[in-house]
Every structure is written in C-alpha cells, then in structure tokens.
Number of protein chains: 2
Amino acid sequence: MLDRTLIRDLALFARLDDAALDDVLSEAGSQRYAAGDVVFEQGEIAERFFVLLHGRLRVTQMTSEGQQIVIRMVAPGDLFGIARVMQRPDYPGTATAVLESVALAWPMSAWSTVVDGHPAFAVNAMQIMGERLQEAQLRIREFSTEAVERRVGHAVLRLARQSGYPEDDGVRIDFPISKQDIAEMTGTTLHTVSRILTAWEAAGLVSTGRQKLLVRNPHHLLLIADGVEAALAK
Amino acid sequence: MLDRTLIRDLALFARLDDAALDDVLSEAGSQRYAAGDVVFEQGEIAERFFVLLHGRLRVTQMTSEGQQIVIRMVAPGDLFGIARVMQRPDYPGTATAVLESVALAWPMSAWSTVVDGHPAFAVNAMQIMGERLQEAQLRIREFSTEAVERRVGHAVLRLARQSGYPEDDGVRIDFPISKQDIAEMTGTTLHTVSRILTAWEAAGLVSTGRQKLLVRNPHHLLLIADGVEAALAK
DNA sequence: CGGATTGTTGAGGATACTCAAGTTAGGTGG
DNA sequence: CCACCTAACTTGAGTATCCTCAACAATCCG
C-alpha cells in the first residue's frame, strides 16, 4: 500500500481526509520511467490515468502529415492521461519521460469510482480542467496575435516558471530541452528558434547550450514577450 | 417558474430527473438579447453563468494592444460564462449576441449548489469542459502546423457544422458573419480572408456576400483544409 | 574515435502583412 | 423613396517575416 503523504499535498487531492486518501490510493500503482521511456502512446486505448510524482514528461502529438507538436510539459503534481474524461477511448498524444520519473497510475475505471465516492475530488478535477482550458486559450491568443519571437519568449518564460530553479546568474530550465522542442511548442522551426536564442544570448538575456537553457534576464525577456520592445523601436 | 422541457434535452442536464430539473431551474432566470446586445463584458465580475436557449453569441477577447480575437461562437444548448469554474473572478471575454437570443442565467453561487446537489450535473459539466479542452487543443494544432488558407478552411467548416442549415445549393451559415470575424478566428487579417474567399468563390466552393456565407462544396473544402490540395500540387 | 544527434548560419524565396485607394451594400433620415 | 453615410469588402503594390534548402560545426555517447 502506498503512503498517503505522497499525494496529500497535491491540488487534485485537496480537502480529502486521510481515510479518503487511503481509499483513493488503494486502487493506484506506482510506476518508474527512465528518461526517454514512453508512458503511453498516441492512439493507444486509454486504460489508465496518472499523476506525476517526480520527474518531467513531454506530451506530444503527431499530425497526419507527420509534423510533431508539443502539447505540454508535465510537472510533478500534474494529472495526465485523462483521455476518458474528455470522452475519448484513446490517448490523443504521446507522453515521454524527459527525466527519470515516477508516476501513480489508476485504472481508468477508478475515475468514476473516485469521483462518485469523493465529491471534493470532482470539484478539484473540474478546477484543474478549468485551468488547463484557460492555459489553452491563452496559447491560442498568443498564436493569433503574436509574431514568432514573442511566442518563443512566452514559451521560455512559461518553462522558467514551471520548471526553473534559481542558479547564480539566472533561472535554469531543469530538464533537457532542445531547440526543436521549443519550435514544436511555438509553431515555428528549430532554425528560427536558434536564430532568436542566439540574438538573445548576444543581448545577455539567456545562455543556451545543447539541450540546455538558462534565463538570465526574465524581466527584459518579458518586455520582449509582451511586445514592449517592438513598440519602443517604432 | 420556467418549464423543465426547456432544458431537459440539453447535454448539461442529461440524466437529471424531473425533480432535479425543477430544482435547478428554480434558481434560473431567462433573458432576452437583441442582436448586437452585450451579455457580459471582458473584465466584469462574473456574477452569473448561462445556457443559451436560442440565437447565437460571439465570445471575443481583446488583447492589451487592442487586437481582438474570437474565442468561440456559442450555439443553443451551450454553456457559457463559467469563469468561476476556471477560478477566475471576472469574465475573460465579452459575449455579444449576433442574432436575437434567449439565455437562461443562474447566479454564480448556484454552481456549487447544483454541483453538490446533483452529482450527474458535475459529471456532465466535466464532460463539457473536456470537449472544450479538446477543441482548444485542436485549434492550437491548427495554428502550429497549418498555413492560413487551411486554417480558414477549418474555421469555415466548423461554422458550417455548428451553425449551418442546408439550402438548395449548399450549407448556409445562419447568422451574420464578417470577413473580419473569420480573420479573428484564424489569426489573420480580413484582407487575406477576403482574397482566399474570392479565390474559393471563383472555384465554386463558396458564395460570399456582405456578412453572408454559403458553403457550396464542403467536400472539396475539406480537401483544402486537410492539405490534400497543396500536396497534390507538388 | 566514430557516429549520431543537436545546433549554427547563410542565401533565397514564398507567404501573408501593411499601407493605400477604391467599391459595394445596406441602413437612416430627410 | 431617394440621397447619403457608414460599415463591409475588394484589390493592388510593396515589403517584412519566417520558411526552406543547404552546408557545416559542435557536442555527446558508446
């Protein structure tokens, strides 16, 4: 049996008492994934849903023409693989560990059991869906109204917020991330990302390396992402 | 007191019995809006949530730089204005009637009452949020991977599916929609939309007029939207 | 050390934007 | 009912952004 302290502090399980937590955990199993391992694949029948405890995942989608896009990065505490809640039999994307990761997994059937048995859980889950929906709408707005450089700026800042830890001279993105990844988050090409980051590097805003990214001046970067920079140039 | 037959067939109220429907309706009021009326405005404190019974609404968002985008069109049966569920005190967008419309309105406080009192409602609401989230992710994928013409194609087809009624020689979009509206749905300019639609008109795919749109050949349009056309040209 | 993955940089070109000048449709008021 | 006014739309010209194609360099891993 898993220990309830594993999940006690997660938003999804807020306001559940110890008995409820134990009840929920009784149906869960824990899984370990090495960096590079695939948790589930796009199109696969969605038999389980997950909560990430440790590590970091990348959720991608492949279009029919073979173009890949990054849907989101999953951080510890996040719920993922909830295809069934969205009325889908299969996973709409592929989840890959980018760091050594640990996740709790429940059979999809447990979803209704848990929702029915614990009203607070349903409320929490709805809140999380609401946050996701807001986030998605924000990205749509970025795509609709911002040129590439600003979108890349917002993506980098989002990464720093979600997965950054402070270092001597900036905020380090704490998992390996390639220019290709950033391109797939922002709807551009790795070439354009490379050029933009090179320019930012020259301006002292970031430091980049092979799958490495350090944000040195988040404040200035925010000005670029919000279009202040471009407005001043006029 | 409103009649329960108004809402009995809506997805949001599926699997609620008559007593429950009456209970839910007891807190609701019905509102009428003329074409052009604003139901709620971006930034306003979200005091109510709504279900559209008749008509059609356009939900828009204004960016800090004054650019407007169309978030979605609301069709009869749709839930809208649920900011609170997303943990927001205010409405993130503005809802405007584009046709004479009728909506049911509940005080936001009724949300928790209804969710708590009727577990089936919570499940339905979650499903709806899931569908929205999927829809949003689809749009993100379109923005990431498709050029303007394909995005406009998908937007027009979506409109035809959601708000089209069959006419002699095609599917008519049943509310006034401008090129500017389509531009704001697809992240382009009205100029580009105008050029694209003119080209499609010449090819017999659509007929356009001032705030009018008739899809004459959805099948061919789908080929364009899915990129088959462009692929063949190579 | 060799191969593979990741990243850099340049040149050229297409797409779609901006700017600009008009036209058309529809509603309003005299 | 007609003249006018405005909002919606069309079309052209010029151009910026960003993509594609291409070649090469750096880094990592086994």
Using the side-chain hydrogen bond (donor to acceptor under 3.5 Å, both in side chains) rule, collect all pairs that involve residues 35-55 of chain B, keeping only residues at least two apart or in two chains.
B:Q31-B:R48

Should B:E135 and B:R72 be marked as a salt bridge (charged side-chain N to carboxylate O under 4.0 Å, His left out) after you check the CA-CA gap, both sets of side-chain angles, and the distance that decides it?
CA-CA 10 Å; B:E135 166 89 14; B:R72 60 190 266 254; over 6 Å; no

Once ring-ring contact (aromatic ring centres under 6.0 Å, His included) is applied, do any residues pair with B:F49, and if so which ones, sequence neighbours excluded?
B:W106, B:W111

Tabulate atom names and distances for all N/O pairs under 3.5 angstrom spanning the protein and nucleotides 4-6 of chain C.
unit_1 : atom_1 : unit_2 : atom_2 : d
C:dT5  : O2     : A:R210 : NH1    : 2.9
C:dT5  : O2     : A:R210 : NH2    : 2.7
C:dT6  : O4'    : A:R210 : NH1    : 3.3
C:dT6  : O4'    : A:R210 : NH2    : 3.3

A:E131 meets the side chain to side chain donor-acceptor pair (under 3.5 Å) criterion, sequence neighbours left out, with none

Listed by chain and number, what are the side chain to side chain donor-acceptor pair (under 3.5 Å) partners of B:D9, not counting sequence neighbours?
none

Rounded to the nearest Å, what distance is computed from the CD atom of residue A:E201 to the C1' atom of nucleotide C:dG7?
12 Å

By the ring-ring contact (aromatic ring centres under 6.0 Å, His included) test, which pairs, at least two apart or in different chains, include something from residues 173-210 of chain A?
none

Partners passing salt bridge (Lys or Arg N to Asp or Glu O under 4.0 Å) against A:R172 (at least two apart in sequence or in another chain):
A:E167

Terminal contacting nucleotides, 5' and 3', DNA chain D versus chain B (heavy atom, 4.0 Å)
D:dA7 to D:dA13

Can you check whether A:T198 has a side-chain N or O nearer than 4.0 Å to OP1 or OP2 of C:dT9?
yes

Every protein N/O within reach of nucleotides 15-19 of chain C N/O, cut-off under 3.5 Å:
unit_1 : atom_1 : unit_2 : atom_2 : d
C:dA16 : OP1    : B:V148 : N      : 2.8
C:dC17 : OP1    : B:T188 : OG1    : 3.0
C:dC17 : OP2    : B:T188 : OG1    : 2.7
C:dC17 : OP2    : B:T189 : OG1    : 3.4
C:dC17 : OP2    : B:T192 : OG1    : 2.4
C:dT18 : O4     : B:R195 : NH2    : 3.4

Which residues share a side chain to side chain donor-acceptor pair (under 3.5 Å) with B:T189, sequence neighbours left out
B:T192

What residues, two or more places apart in sequence or in another chain, satisfy side chain to side chain contact (heavy atoms under 4.5 Å, CB included) together with B:A75?
B:R56, B:D78, B:Q162

For A:F50, ring-ring contact (aromatic ring centres under 6.0 Å, His included) partners two or more places apart:
A:F40, A:F80

